[in-house]
Undergrad: 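The following block contains the structure, expressed as structure tokens.
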Amino acid sequence: QVRIVQSGGGLVQPGGSLNLSCAASGSIFSIYVMGWYRQTQKGRELAAVKTTGGNTNYADSVKGRFTISRDNSKNTVTLQMNSLKPEDTGVYFCNANGLDGAGRDLDAWGQGTLVTVSA
């Protein structure tokens, strides 16, 4: 069984910064893609993900403001969010996609963390 634990988030004023962290643990063979999705008023969307090889994919709306970092050896990922806007408000979910220790498909989600950008 794989467990995803998130931390970070909270309330910040527009223009401020927040950092989200996520760690995957348990029976993991390999995580190919790890990153963040968010549920906003627009629906659920990809915010930023990073592959084992270092390739990144950002939503157009966060490019230049958010930075994703990943430690493959520790199965952790962080999201540094700068210049936050009210439209970034939402629940952010960490996702790990790969294979578990038994060789089965792994698609695990964190519990979600609320990010509120408001004056």
Undergrad: Evaluate side-chain contact (heavy atoms from CB on, under 4.5 Å) for Y32 paired with L99, printing each intermediate quantity in order.
TA: CA-CA 8 Å; Y32 303 132; L99 292 176; 3.2 Å; yes
Undergrad: Is it true that T76 and D71 share a donor-acceptor pair across their side chains at a distance under 3.5 Å?
TA: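 Looking only at side-chain atoms, T76 and D71 do not form any donor-acceptor pair under 3.5 Å.
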Undergrad: Do V91 and V12 belong together in a cluster built from hydrophobic side chains that touch within less than 4.5 Å?
TA: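 Per the 4.5 Å side-chain linkage, V91 and V12 are not co-clustered.
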Undergrad: Do Y58 and I68 have side-chain heavy atoms sitting under 4.5 Å apart?
TA: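 Y58 vs I68: side chains touch.
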Undergrad: Main chain of V2, side chain of S25: is a donor-acceptor contact present, judged purely on distance under 3.5 Å?
TA: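 Not at all, since once roles are kept as given, no pair shorter than 3.5 Å links the two residues.
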Undergrad: Partners of D60 by salt bridge (Lys or Arg N to Asp or Glu O under 4.0 Å), sequence neighbours excluded?
TA: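 Partners of D60 under the salt bridge (Lys or Arg N to Asp or Glu O under 4.0 Å) test: K63.
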Undergrad: Quick check on side-chain contact (heavy atoms from CB on, under 4.5 Å): which of L20, N19, L18 does Q80 satisfy it with?
TA: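 Among the candidates, only N19 passes.
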Undergrad: Under the 3.5 angstrom rule, does the side chain of N97 hit a backbone N or O of D107 as a donor-acceptor pair?
TA: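 Between the backbone of D107 and the side chain of N97 there is no qualifying donor-acceptor contact (under 3.5 Å).
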Undergrad: Using atom types as modelled, flag every donor-acceptor pair under 3.5 Å from a side chain in residues 110-119 to any protein atom, sequence neighbours excluded.
TA:
from	atom 1	to	atom 2	distance (Å)
Q111	OE1	Q6	N	3.3
Q111	NE2	Q6	O	3.2
T113	OG1	G8	O	2.9

Undergrad: Pairing donors with acceptors under 3.5 angstrom, does anything connect the side chains of Y92 and R38?
TA: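 Result is yes, a qualifying pair exists.
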Undergrad: With the side chain counted from C-beta on, respond yes when V49 and W36 share a heavy-atom pair under 4.5 Å apart, and no when they do not.
TA: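 Answer no - side chains too far apart.
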Undergrad: When rounded to the nearest 0.5 angstrom, what is the spacing between OG1 in T78 and NZ in K50?
TA: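 The distance works out to 8.5 Å.
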Undergrad: Taking only residues two or more places apart in sequence or in another chain, which ones pass salt bridge (Lys or Arg N to Asp or Glu O under 4.0 Å) with R65?
TA: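 Checked R65 against salt bridge (Lys or Arg N to Asp or Glu O under 4.0 Å); matches are D88.
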Undergrad: Among residues at least two apart in sequence or on other chains, which ones pass salt bridge (Lys or Arg N to Asp or Glu O under 4.0 Å) with K42?
TA: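 In terms of salt bridge (Lys or Arg N to Asp or Glu O under 4.0 Å), with neighbours along the sequence ignored, K42 is linked to no residue.
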Undergrad: Given the ring of W109, does R44 sit roughly above its face, with NZ or CZ under 6.0 Å from the centre of the six-membered ring and within 45° of the axis?
TA: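 Judged by the rule (NZ or CZ under 6.0 Å from the ring centre, within 45° of its axis), R44 counts as positioned above W109.
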Undergrad: Given side chains that start at C-beta, do those of Y37 and E45 come closer than 4.5 Å, heavy atoms only?
TA: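 Y37 vs E45: side chains apart.
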Undergrad: Return yes when atom CZ of F29 has more than 12 non-hydrogen atoms of other residues, nucleotides or ligands closer than 6.0 Å, and no otherwise.
TA: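 No, because the 6.0 Å sphere around CZ of F29 holds 12 heavy atoms or fewer from other groups.
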Undergrad: Tell me, do Q41 and T89 make a side-chain contact under 4.5 Å, heavy atoms counted?
TA: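 No, side chains not in contact.
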Undergrad: Sequence neighbours excluded, which residues qualify as salt bridge (Lys or Arg N to Asp or Glu O under 4.0 Å) partners of E87?
TA: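 Checked E87 against salt bridge (Lys or Arg N to Asp or Glu O under 4.0 Å); zero matches.
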Undergrad: Could you go step by step and tell me if M34 and C22 meet the side-chain contact (heavy atoms from CB on, under 4.5 Å) rule?
TA: CA-CA 9 Å; M34 194 168 185; C22 170; 3.8 Å; yes
Undergrad: Excluding sequence neighbours, so at least two apart, what forms ring-ring contact (aromatic ring centres under 6.0 Å, His included) with F66?
TA: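 Per chain and number, F66 pairs via ring-ring contact (aromatic ring centres under 6.0 Å, His included) with no residue.
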